[in-house]
Amino acid sequence: MALYIMRRFVAMVPVLLLVSVIVFSLIHLTPGDPATSMLGEEATPQAVAALRAKLGLDQPIPVQYVKWLGSVLRGDLGRSIRSNQPVAEAIAERLPVTVELAILAIAISLLIAIPAGIVAAMRRNSILDAGSTFVALLGVSLPNFFLAILLILLFGVKLNWLPPFGYQPITQGLGGNLQRMILPAITLGTALAAIVTRMMRSSLLEVLDQDYIRTARAKGLGEGRMIRAHALKNALMPVVTIVGLQIGGLLGGAIITESIFVLPGIGRLLVDAIFQRDFPLVQGVVLFVSLAFLFSNFAVDLAYAYLDPRIRYS
Amino acid sequence: MAESRAIGGTAAVGALRTGTRQQRATGVRGFARRLRKARFAMPALAIIVLLILAALLAPIISPFDPAKQNFSDALSGPSTKHPFGADNLGRDIFTRVVYGARVSLQVGLIAVGISLIVGTTLGLIAGYNGSTFLDTLIMRCMDALLAFPTLVLALAITAALGPSLRNVMIAVGIVGIPSYARLVRGQVLSVAKREYIEAARVVGVPTPRIIWRHILPNVTAPLIVQASLGVAFAILSEASLSFLGLGVQPPTPSWGGMLSFGKDWLDRAAWMAIAPGSAIFITVLAFNFLGDGIRDALDPRLQHR
């Protein structure tokens, strides 16, 4: 297993380097001078020159890259040019909100999708099955920002059950926190629920076709007990994988969800940084998110290799 | 027919007959017939045709100017004058949805065009030079692009280039490149080993001609499927960027931008958000269904799975 982890990690290194090149290049993609673009046209030449010197933009690009990569490897992502706060600190401050949102979204999607997938598989070709397929298709096609608006309209404006916007930290009370997180979590979890329902259905159908299930049936085991004791565990493996692989989609969705519900997470941080043309912050967040995405996929690969030893030797 | 009945008309014979029928129905006519039978593909196609017509004929369909403000009608609800209502500046929402279709379809087609052309070219080069340094270089770059969540990459590119319709098309186009490159490379690797390609090489057919005449046609079918699903993805991405304020800039009507404006008026004029939101939803759904239908129609083996 250790050898497998090493091999997979080494294979990831060139991709990590290229990712760093792309993130670094962002600042140089801007039309015209990056320092002027960040400070705005009305900035004084002195201020522009000072920022250029501060960010090292007056050095040759390869030198800039090597220096930047060196600091990144030491965990230094630079400082925000607006607040002067270290970028890593800004990310660490906002991260808990995004992580909570993602965990709640995954929890909600699994609570809906696993029972729905099981029912669809057990009542294959019934109205229930067709209904769950249809709802899942709608769930995948419904843009999350439109779903968010519909939820706000129904629960926040018409029924007045939940606060439509805003955030309350867990430290100020779990109830208030959850009240404000539930709509964003449903928004973010719906598409995932749709994908997981389809996966759960097809993987359970595949398992139910196996010989050992026929044996279990033949010895007179009830359907419910058979699913719980024999089929579910094996059927859940691909589901775990698909959830792991959707983490990138969740991070992207979090940007929109946090913007609509005014949640102070990583996504909101990125959008604000873009509007303020705070490039060190944009670079830091984009790099962080892509690394989180890469490493979550890496973790899924490892988990899979651990659960299914055949993968390690192929 | 009589003979097969005499054998017993078993399921196997039935399957054989169906197989023969399917084999006969090749080419464009067979494709059209299978597409007609695919679930929801025809209603989806009808919606898309309707949208294209609406986008083309926008000035004829609607008597209003999409950008003209008319404060006496501000926030008025759906009526015969304004079927989808009017927004906070008194602009007709139906007109803006129709003109918004122009933006969405334009982004959908041009962004997919960029991904398709660049992705296919890179995939052909990588696949034809399989396992060389060039192949590795191209594919590692594609892996790096795939290492970003799609919306994050699109946001990052528009952030650098600046928000505008053109830059949204470029950003969404770049985000789509790796999936086409991977698809084409995979297909080319499997086709390039075939004997007729070897034969063409041996008799001295120039490489570009081999690629153009013999390899590319083999890759077309999966590319068409990918592109039709890609349009849905591009429209959704544009709407997301415009919703965040980083896409098409006002007063040009775009569905994402209208929805973003509408969200601030939910308590007084929910129609401002519902009309453009539904337009995005229906369009994306239609392109997804059409893409699925085309996939089933191009590859009949996938049907009924």
Scanning both residues in full, the closest heavy-atom pair of B:Ala147 with A:Phe293 reads O-CD2, 3.0 Å

Using a cut-off of under 4.5 Å on heavy-atom pairs, state which of A:Val21, A:Leu294, A:Leu142 scores highest against chain B. A:Leu142

Heavy-atom cut-off 4.5 Å, strictly under: side chain, backbone, both or neither for B:Ser278 against chain A? both

Applying a strict 4.5 Å limit to non-hydrogen atoms, the region of B:Ser240 in contact with chain A is both

If you count heavy-atom pairs under 4.5 Å with chain A, which of B:Ile280, B:Ile274, B:Leu259 comes out on top? B:Leu259

Rounded distance [0.5 Å steps], CG in B:Leu236 versus CZ in A:Phe145: 5.5 Å

Of all the heavy-atom pairs spanning B:Asp267 and A:Val157, show the shortest one and how long it is. CA-CG1, 3.6 Å

Atom group of B:Phe281 that falls short of 4.5 Å from chain A, counting heavy atoms: both

Part of A:Leu270 within contact of chain B (heavy atom distance under 4.5 Å): side chain

For A:Leu138, is it the side chain, the backbone, both or neither that has a heavy atom under 4.5 Å from a heavy atom of chain B? both

So, for A:Gly248 and B:Pro149, which heavy atoms are closest and what is the spacing to 0.1 Å? O-CB, 3.3 Å

Rounding to 0.5 Å, atoms CD1 (A:Ile22) and SG (B:Cys141) come to a distance of 7.0 Å

Relative to chain A, which segment of B:Ala239 carries a heavy atom at a distance below 4.5 Å: side chain, backbone, both, or neither? both

What option among B:Asn288, B:Leu145, B:Leu285, B:Val284 has the most heavy-atom pairs under 4.5 Å with chain A? B:Leu285

Shortest non-hydrogen contact from A:Gly252 to B:Val152? CA-CG2, 4.5 Å

Tightest non-hydrogen contact, residues A:Phe275 and B:Leu244, listed as CZ-O, 3.1 Å

Which residue out of A:Pro143, A:Ala148, A:Ser259, A:Gly267 racks up the most heavy-atom pairs below 4.5 Å with chain B? A:Pro143

Applying a strict 4.5 Å limit to non-hydrogen atoms, the region of A:Val271 in contact with chain B is side chain

Looking only at heavy atoms, what is the nearest atom pair of A:Leu26 and B:Ala156, with distance? CD2-O, 3.6 Å

What's the separation between atom CD1 in A:Ile274 and atom CG in B:Leu246, rounded to the nearest 0.5 Å? 5.5 Å

In terms of heavy-atom proximity below 4.5 Å to chain A, should B:Phe287 be classed as side chain, backbone, both, or neither? neither

